[in-house]
Peer 1: 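I have a structure I would like to understand better, so I am pasting it below and will then ask my questions one at a time.
Note that ligands are numbered from 1 as they come in the structure, with each ligand's atoms numbered from 1 the same way.
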Amino acid sequence: MSQLKDKVEEAAKHIISKSGTFGPQIGIILGTGLGSLAGRIEKPVKIPYDEIPHFPSTTIEWHKGQLVLGNLGGKKVVAMEGRFHYYEGFSVEQITFPIRVMKALGIKILVESNAAGGLNPQFSLGDLMIITDHINLMGMNPLVGPNDDSLGPRFPDMYNTYNTELIRLTEEVARDEKIKVCKGVYVGVTGPNLETAAEYRFFRMIGADAVGMSTVPEVIVAKHCGLKVLGITCVTDRCLPDALAPANIEEILKTAAKAEPILTQLVARTIEKI
Ligand code: HPA
């Protein structure tokens with residue numbers, strides 16, 4: 001057995017020792033300013049990251065850093081309240097480790113949320129974008145290195161990574177709930193600096209609609225281990241190279257907080273329908 005698999009099993013064992021036979025079906029990652037969904041999870045079992053073997057501890061003050069297991073929309077879920085970013089100095093293995101652990105716990109679907117900059121000029125602040133695809137501009141890949149074939153294939157296919165059936169279902173829910181959604185391509189960068197106007201122009205030229213500092217490595221690992229993925233981005237600032245205004249992290253967090261109840265409603269209702 002590979003070292004990675006050993007670590008994954010140790011972490012999963014600890015979680016099972018706290019949550020019993022509760023087998024989650026769906027994993028959820030709550031992005032920057034989007035944590036309130038965790039509050040809707042019924043009969044929650046909360047496990048701080050620093051208790052879980054091999055889990056890194058989040059260094060970002062607005063990320064809580066705990067797993068929440070419980071029921072949401074009639075489904076058994078495990079939610080990550082706070083994720084790990086490459087810019088925090090973690091290795092690619094560390095930032096994607098929780099995905100493998102959630103897979104070991106039994107999830108079949110991963111729901112990703114994040115805050116990102118809007119490159120598409122048609123987007124407004126606070127818009128929710130269903131991710132249809134991504135571009136990896138992070139200069140790294142979490143699958144580089146020896147491959148453990150029992151975790152996933154050496155050369156995973158990225159076809160239908162953002163599952164079209166889940167996208168269709170989310171659009172249906174948005175229509176029923178009268179929630180405005182758009183769709184688009186997410187480009188992942190490392191950060192931590194926001195980008196130059198020239199970079200925003202370049203991202204737009206290569207086909208991206210939103211830019212952010214997370215999600216891509218997590219989704220690559222999710223695909224490697226056979227999970228279906230749904231990704232939703234909250235557009236927290238506008239990245240228009242010819243009309244650029246200074247970005248402000250407080251404003252970004254404020255916009256995410258404003259969109260949070262709507263995103264929560266969209267995700268909760270979609271999970272109900274899965
Ligand atoms: N760039 C990168 N990441 C981001 C941005 C941005 O403009 N906004 C929120 N996350």
Side-chain angles (χ1 to χ4, degrees), residues 28-37 58-64 80-90 92 95-96 111-140 142 162 180-220 231-264 266-267:
I28 308 169
I29 302 183
L30 302 168
T32 305
L34 304 168
S36 81
L37 187 80
T58 174
T59 65
I60 318 263
E61 70 241 42
W62 59 78
H63 280 263
K64 264 218 179 109
M80 284 182 70
E81 225 178 326
R83 58 151 54 89
F84 305 107
H85 301 85
Y86 195 53
Y87 63 71
E88 293 176 83
F90 297 120
V92 278
I95 60 174
T96 54
V111 180
E112 289 265 355
S113 69
N114 59 49
L119 299 160
N120 186 326
Q122 299 195 354
F123 291 173
S124 305
L125 284 185
D127 274 358
L128 300 180
M129 181 190 93
I130 302 173
I131 305 176
T132 55
D133 212 345
H134 77 218
I135 300 171
N136 180 8
L137 280 192
M138 296 182 87
M140 56 82 160
Y162 295 86
K180 179 189 172 194
V181 286
C182 33
K183 287 194 284 187
V185 173
Y186 176 98
V187 58
V189 293
T190 62
N193 62 288
L194 298 181
E195 293 72 28
T196 65
E199 286 166 337
Y200 288 139
R201 188 174 293 110
F202 168 66
F203 297 158
R204 192 73 193 124
M205 281 168 66
I206 62 171
D209 297 285
V211 53
M213 305 176 193
S214 67
T215 303
V216 166
E218 297 159 359
V219 170
I220 291 172
I232 303 176
T233 286
C234 172
V235 176
T236 52
D237 53 303
R238 302 190 76 214
C239 306
L240 307 175
D242 297 311
L244 204 55
N248 175 323
I249 295 298
E250 279 72 42
E251 285 297 316
I252 288 177
L253 292 176
K254 240 199 254 169
T255 305
K258 235 166 98 185
E260 186 177 45
I262 308 161
L263 176 84
T264 297
L266 181 64
V267 171

Peer 1: Compute the shortest N/O to N/O distance between G117 and ligand 1 and return yes if it is under 3.5 Å, no if not.
Peer 2: yes
Peer 1: Tell me whether A116 reaches ligand 1 (any heavy atom closer than 4.0 angstrom to a ligand atom).
Peer 2: yes
Peer 1: Starting at CG of N193, measure out to CD of E199 and round the result to the nearest 0.5 Å.
Peer 2: 7.0 Å
Peer 1: With under 30° as parallel and over 60° as perpendicular, where do the rings of F203 and Y200 fit, or are they tilted in between?
Peer 2: perpendicular
Peer 1: Would you mind checking which non-hydrogen protein atom is closest to atom 4 (C) of ligand 1, with the distance to 0.1 Å?
Peer 2: V211 O, 3.6 Å
Peer 1: Between S113 (side chain only) and I29 (backbone N and O only), is there a donor and an acceptor less than 3.5 Å apart?
Peer 2: yes
Peer 1: With atoms numbered from 1 as shown, which atoms in ligand 1 lie under 4.0 angstrom from a non-hydrogen atom of A115?
Peer 2: 9 (C), 10 (N)
Peer 1: Does A247 reach ligand 1, in the sense of a heavy atom lying below 4.0 Å from it?
Peer 2: no
Peer 1: Enter the distance from K254:NZ to T236:OG1 here, rounded to the nearest 0.5 Å.
Peer 2: 13.5 Å
Peer 1: Using the rule given for side chain to side chain contact (heavy atoms under 4.5 Å, CB included), can you reason through L137 versus F202, listing the C-alpha separation, both sets of side-chain angles and the distance that settles it, and then say yes or no?
Peer 2: CA-CA 11 Å; L137 280 192; F202 168 66; 3.9 Å; yes
Peer 1: Nearest to atom 7 (O) of ligand 1, what protein heavy atom do you find, and at what distance?
Peer 2: D237 OD2, 2.8 Å
Peer 1: Quick one: CG on L194 to CG on D237, what's the gap to the nearest 0.5 Å?
Peer 2: 6.5 Å
Peer 1: Below 4.0 angstrom from a heavy atom of C239, which ligand 1 atoms are there? Numbered from 1 as shown, please.
Peer 2: 7 (O)
Peer 1: Answer with side chain, backbone, both or neither: which part of F203 has a heavy atom less than 4.0 angstrom from an atom of ligand 1?
Peer 2: neither
Peer 1: For T236, take its heavy atoms, then give the atoms of ligand 1 lying under 4.0 Å from any of them.
Peer 2: 8 (N), 9 (C)
Peer 1: Output the list of atoms in ligand 1 that are nearer than 4.0 Å to some heavy atom of E195, sorted by atom number.
Peer 2: 1 (N), 2 (C), 6 (C), 7 (O)
Peer 1: Below 4.0 angstrom, N of the basic side chain to O of the carboxylate: do D209 and K183 qualify?
Peer 2: no
